[in-house]
**Student:** 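Submitted below is the structure of interest, expressed as structure tokens.
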Amino acid sequence: MALLAEQTITNQLASLERSIVGVKNSYDYSQNPDSLSTAMLPAVIHYIPEFSSSLKAHHNVWANNFIVRSILFVAPRQSSGGQLKFLENQAIPFGAKWRDKFQADANLDTLFSNLPGTVKVFLKSGNYGAGELLSIGGIDYIGFVFQFDVVEMVGN
């Protein structure tokens, strides 16, 4: 019954993220690395921490809402001597780059075309900084945690 799978959503978002200037890689579904080297940065990993479903008509029309997190690792937190002014100059511009990419009509059309049944494929938020989600392989990074909302309508 469901048209979309987490794999399809992740791969479509990753494809557009790879086209953002400065991004060296955005990993497809189940391809997230266990660690990142400086040569691999900036890099994006993905996961879908939750979905919800709601009944829209009797028992045969559903709305499936997927929350997708794209985590952009820009630089190790302790690089550049840990001086934030240098690290921020590397990382902060990516917020605008994500908005430009995921608010452009042509890119949204591409997502809607490649994700059948979707009624919503939107960048919801971007949180800049460091923290739990910006740690991989025991190294803390500076970057962004972006959240997307993807809603599909399915029915028989």
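All values derive from a computational prediction rather than experimental measurement. Nothing fancy with the numbering, it's 1 onward along the sequence.
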**Student:** Can you confirm if the aromatic rings of F94 and F144 lie within a centre distance of less than 6.0 Å?
**Tutor:** no
**Student:** Name the orientation class of the two ring planes belonging to F148 and F102 (parallel below 30°, tilted from 30 to 60°, perpendicular beyond 60°).
**Tutor:** perpendicular
**Student:** Let me check something: any side-chain donor-acceptor pairs from residues 110-122 under 3.5 Å, sequence neighbours excluded? List them with distances.
**Tutor:**
residue	atom	partner	partner atom	Å
T110	OG1	A106	O	3.0
S113	OG	D109	O	2.9
N114	ND2	Q12	OE1	3.0
N114	ND2	T110	O	3.3
T118	OG1	L115	O	2.8

**Student:** Apply the hydrophobic cluster definition, ILVMFWY joined by side-chain contacts under 4.5 Å directly or through others, and give me every member besides L36.
**Tutor:** Y27, M40, L41, I45, Y47, I71, F73, L133, L134, I136, I139, Y141, V145
**Student:** Checking side-chain polar atoms at under 3.5 Å, does E17 have a donor or acceptor matched by the opposite partner on S70?
**Tutor:** yes
**Student:** Is there a chain of hydrophobic side chains (I, L, V, M, F, W, Y, each step under 4.5 Å between heavy atoms) that links Y29 to I9?
**Tutor:** no
**Student:** Drop me the distance from D28's CG to T8's OG1, to the nearest 0.5 angstrom.
**Tutor:** 10.5 Å
**Student:** Search all heavy atoms of Y128 against all heavy atoms of E88 and return the closest pair with its distance.
**Tutor:** OH-CG, 2.7 Å
**Student:** Is it the case that atom NZ in K24 sees more than 12 heavy atoms from other parts of the structure closer than 6.0 Å?
**Tutor:** yes
**Student:** Which residues satisfy the side-chain hydrogen bond (donor to acceptor under 3.5 Å, both in side chains) test with Q147, sequence neighbours excluded?
**Tutor:** R69
**Student:** List the atom of H46, the atom of N32, and the distance in Å for their closest heavy-atom pair.
**Tutor:** O-ND2, 2.7 Å
**Student:** Do I67 and V150 belong to the same hydrophobic cluster, where Ile, Leu, Val, Met, Phe, Trp and Tyr are linked whenever their side-chain heavy atoms lie under 4.5 Å apart, directly or via other members?
**Tutor:** no
**Student:** Of the non-hydrogen atoms in G143 and V74, which two are nearest, and what is the gap between them?
**Tutor:** CA-CG2, 3.9 Å
**Student:** For the residue pair P76 and D140, establish whether any side-chain heavy-atom pair is separated by less than 4.5 Å.
**Tutor:** no
**Student:** Taking the side chain as every heavy atom from C-beta outward, state whether I48 and T10 have any pair of such atoms under 4.5 Å apart.
**Tutor:** yes
**Student:** Can you tell me how far apart CG (L72) and CG (N127) are? Round to the nearest 0.5 Å.
**Tutor:** 12.5 Å
**Student:** For residues F66 and E152, determine if any side-chain heavy atom of one lies less than 4.5 Å from a side-chain heavy atom of the other.
**Tutor:** yes
**Student:** For residues S26 and A14, report the shortest heavy-atom separation together with the two atoms involved.
**Tutor:** OG-CA, 3.3 Å
**Student:** With the 4.5 Å side-chain cut-off for hydrophobic clustering, are L55 and V154 part of the same group?
**Tutor:** yes
**Student:** I'd like to check S19 versus K101 (side-chain heavy atoms, cut-off strictly below 4.5 Å). Are they in contact?
**Tutor:** yes
**Student:** Taking all non-hydrogen atoms of both residues, which atom of N65 and which atom of V151 are closest, and how far apart?
**Tutor:** OD1-CG2, 3.6 Å
**Student:** Do you know the tightest heavy-atom contact between R18 and N25?
**Tutor:** CD-OD1, 3.6 Å
